[in-house]
Amino acid sequence: MPIEFTREHQQQVAPLMRQLANLEVVRGLMDGSDCVREEFHWPVGMSRMIQTPETLVYGALATIDDFPLVPLLFRWRSGCTPSHLNATAYSDSFKERAQLEQSAAVQVPGLTMVQYLGEGLKFASTVDSGSDPAAVHPGVMAALMDDITARVSFSNAPDKATFTANLQMDYLAPVSGGRFVVMDAWMTATEGRKTFVTAYLADALSGQILVRTRSLFVKVP
């Protein structure tokens with residue numbers, strides 16, 4: 001059953017839900033001055049949450065050990081960016097965004113998503129992976145970043161489907177399981193049927209940038 005409809009699951013994740021609500025970044029997002037909370041739907045465009053094994057992150061991996069929570073999703077208000085993005089690590093990218101907005105090249109508000117990465121997402125062993133056994137598999141991180149950047153691209157093409165043409169992932173630091181993360185994504189440019197989206201994933205407590213993504217989406221003719 002979908003995770004939000006299972007009473008046993010809700011009871012198990014109640015402590016995590018309390019931690020999520022008390023995160024400083026979440027409290028800032030919830031005050032409503034810079035963002036508006038949106039219901040999280042999967043697949044995008046559905047009126048409710050649908051989870052099947054085929055949806056991977058919010059289906060097959062939507063378990064107590066992997067992705068136990070439905071993420072919080074916020075859409076930025078027009079002309080605003082969330083206060084947590086004032087961190088130095090974001091400054092250059094947001095200067096670029098500001099310049100684009102001044103030229104009216106970007107009209108689509110960005111998105112912020114807060115998610116919990118479970119302990120079950122870590123590598124099985126250092127022998128198999130050659131990596132930190134506490135680190136989340138990079139393929140899982142790519143699926144997460146593809147999801148949030150795609151949501152931004154869909155906002156630029158509400159009447160047409162888009163597909164991922166290129167997904168560039170920069171893993172800046174190991175991403176361990178058992179932590180809350182914040183993902184921010186915004187459109188940087190458009191060119192014909194192309195939409196360019198940048199996104200960052202950061203630790204929700206420290207603000208450390210862990211992953212940077214640059215994506216190219218193309219509208220279906």
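We're numbering straight along the sequence, starting at 1. In what follows, every heavy atom counts, from backbone to side chain, and hydrogens, waters and symmetry copies are set aside.
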Smallest separation among heavy atoms of [X] and [Y], with atom names:
| X | Y | result |
| --- | --- | --- |
| Ala199 | Ala185 | CB-CB, 3.7 Å |
| Ser176 | Val136 | C-CG2, 3.8 Å |
| Ala165 | Val218 | CB-CG2, 3.8 Å |
| Pro71 | Met113 | CB-CG, 3.6 Å |
| Ala173 | Gln208 | CB-NE2, 3.6 Å |

**Request:** Could you please spell out the steps behind the side-chain contact (heavy atoms from CB on, under 4.5 Å) verdict for Thr149 and Met183?
**Result:** CA-CA 10 Å; Thr149 53; Met183 291 164 279; over 6 Å; no
State the [atom1]-[atom2] distance between [X] and [Y], to the nearest 0.5 angstrom.
| X | Y | atom1 | atom2 | value |
| --- | --- | --- | --- | --- |
| Leu201 | Arg212 | CG | CZ | 12.5 Å |
| Leu167 | Arg214 | CG | CZ | 12.0 Å |
| Arg179 | Leu117 | CZ | CG | 7.5 Å |
| Leu72 | Glu38 | CG | CD | 12.5 Å |
| Thr164 | Asp146 | OG1 | CG | 3.5 Å |
| Phe217 | Thr190 | CZ | OG1 | 14.5 Å |

Name every donor-acceptor pair, under 3.5 Å, that has one atom in a side chain of residues 15-28 and the other anywhere in the protein, sequence neighbours excluded.
from	atom 1	to	atom 2	distance (Å)
Asn22	ND2	Arg18	O	3.1
Arg27	NH1	Asn22	O	2.4

If you group Ile, Leu, Val, Met, Phe, Trp and Tyr by side-chain heavy-atom gaps below 4.5 Å, do [X] and [Y] land in one group?
| X | Y | answer |
| --- | --- | --- |
| Val211 | Leu216 | no |
| Met30 | Val182 | yes |
| Phe74 | Leu205 | yes |
| Phe196 | Leu111 | no |

Any side-chain heavy atom of [X] sitting closer than 4.5 Å to one from [Y]?
| X | Y | answer |
| --- | --- | --- |
| Arg77 | Cys35 | no |
| Leu210 | Tyr200 | no |
| Leu29 | Val114 | yes |

**Trp186 and Val152: CA distance, side-chain angles, deciding distance, side-chain contact (heavy atoms from CB on, under 4.5 Å) verdict** = CA-CA 6 Å; Trp186 61 94; Val152 174; 5.7 Å; no
**Request:** For Tyr171 and Pro138, indicate whether the former's side chain and the latter's backbone hold a donor-acceptor pair under 3.5 Å.
**Result:**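 Answer holds: yes.
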**Message:** Donor-acceptor check, side chain of Asp170 to backbone of Leu172, threshold 3.5 angstrom: yes or no?
**Reply:**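 No, Asp170 side chain to Leu172 backbone: no donor-acceptor pair under 3.5 Å.
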**Message:** Apply side-chain hydrogen bond (donor to acceptor under 3.5 Å, both in side chains) to residues Ser153 and Thr195 and explain how you reach the verdict.
**Reply:** CA-CA 6 Å; Ser153 77; Thr195 298; over 6 Å; no
**Request:** Could you check Trp76 against Thr112 for side-chain hydrogen bond (donor to acceptor under 3.5 Å, both in side chains), going step by step and ending with a plain yes or no?
**Result:** CA-CA 8 Å; Trp76 305 354; Thr112 295; 2.8 Å; yes
**Request:** Please step through side-chain contact (heavy atoms from CB on, under 4.5 Å) for the pair His84 and Asp184, ending with a clear verdict.
**Result:** CA-CA 10 Å; His84 70 273; Asp184 300 288; 3.0 Å; yes
**Asked** Near Lys194 NZ, under 6.0 Å, is it more than 12 heavy atoms from other residues, nucleotides or ligands?
**Response**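 Counting neighbours around NZ of Lys194, 12 or fewer heavy atoms of other residues, nucleotides or ligands fall under 6.0 Å, so no.
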**Asked** What do the steps show when you test Phe180 against Leu69 for side-chain contact (heavy atoms from CB on, under 4.5 Å), and what is the final call?
**Response** CA-CA 10 Å; Phe180 289 97; Leu69 304 181; 4.0 Å; yes
